[in-house]
Structure formats: C-alpha cells, structure tokens
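To start, the structure under review is shown below, and the notes come after it.
Values below: all heavy atoms of this structure, side chains included; hydrogens, waters and symmetry mates excluded. Note that the structure is a prediction, hence the values are computed from the model and not measured. One is the number of the first residue; the rest follow in order along the sequence.
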Amino acid sequence: MKKACKSCKRILVKGNVCPVCHSTDITTSFQGVVVIFDVESEIAKRLGITAPGKYAVRV
Ligand SMILES: [Zn+2]
C-alpha cells in the first residue's frame, strides 16, 4: 500500500519518513496522484509543492 505525507502530500516510495519535509506524519488513505515536474506550474502552486515528485491530491 502506498503512503503519503500528511504535511506536504508527498508520496513515499519507501520507509515512513517524508523525504521532502522529514515529517513522520504519514497516511495510507489519500486520493489521487499528481506528478510534479515544474514547481513553478499552477498545479504545484495550488498544492503548495516546492520539490518535484509524486504527490497526493488530497490527504
Ligand atoms: Zn512531507
């Protein structure tokens, strides 16, 4: 089962620590996945994403 960070919505590939914000507040219940390549894009700004990668739309 995939996990996502509750603070920044990052999808975790492994482990229980977020690689972006180092939070251990992880959830397995999240909705939707977006892949952010450009942190200057509208979707990244709307979701508050500051590092490229895979993110949950809603946690
Ligand atoms: Zn995080």
Side-chain angles (χ1 to χ4, degrees):
M1 190 178 289
K2 279 184 178 164
K3 300 168 191 167
C5 172
K6 275 185 166 178
S7 322
C8 71
K9 303 190 177 78
R10 177 77 176 214
I11 304 286
L12 271 63
V13 179
K14 56 176 181 170
N16 291 304
V17 180
C18 176
V20 177
C21 69
H22 307 293
S23 169
T24 52
D25 195 5
I26 302 305
T27 181
T28 52
S29 68
F30 60 89
Q31 292 180 342
V33 175
V34 289
V35 181
I36 301 297
F37 296 105
D38 179 8
V39 295
E40 298 297 316
S41 66
E42 279 304 312
I43 182 88
K45 283 178 182 168
R46 198 148 58 85
L47 295 172
I49 287 163
T50 55
K54 267 188 178 179
Y55 292 84
V57 175
R58 187 183 296 172
V59 289

What's the spacing between H22 NE2 and S7 OG if we round to 0.5 Å? 11.5 Å
Heavy-atom pair with the smallest gap, counting every atom of A44 and V39: CB-O, 3.5 Å
Got a sec, which residues hit side chain to side chain donor-acceptor pair (under 3.5 Å) with T28, two or more places apart in sequence or on another chain? none
List, by chain and then residue number, the residues other than F37 in its hydrophobic cluster (Ile/Leu/Val/Met/Phe/Trp/Tyr, side-chain heavy atoms under 4.5 Å); write none if there are no others. V35
Under 4.5 Å between side-chain heavy atoms, counting indirect links through other Ile/Leu/Val/Met/Phe/Trp/Tyr residues: same cluster for V34 and V20 or not? yes
For C18 and R10, the nearest pair of non-hydrogen atoms, with its separation, is SG-CB, 4.0 Å
Give me the other members of the hydrophobic cluster that V13 sits in, counting Ile, Leu, Val, Met, Phe, Trp and Tyr linked by side-chain heavy atoms under 4.5 Å, directly or via other members. none
What is the distance from atom CG of D25 to atom SG of C5, rounded to the nearest 0.5 Å? 7.0 Å
How would you list all residue pairs meeting side chain to side chain donor-acceptor pair (under 3.5 Å) that involve residues 38-53, not counting sequence neighbours? none
With a 4.5 Å cut-off on side-chain heavy atoms, are I49 and C8 touching? no
Given a cutoff of under 4.5 Å between side-chain heavy atoms of I, L, V, M, F, W and Y, with clusters grown through shared members, what are the other residues clustered with F30? I11, V33, V59
Nearest-0.5 Å distance that lies between atom CE in M1 and atom OG in S29: 9.0 Å
Sequence neighbours left out, what passes side chain to side chain donor-acceptor pair (under 3.5 Å) with N16? Give chain and number order. K3
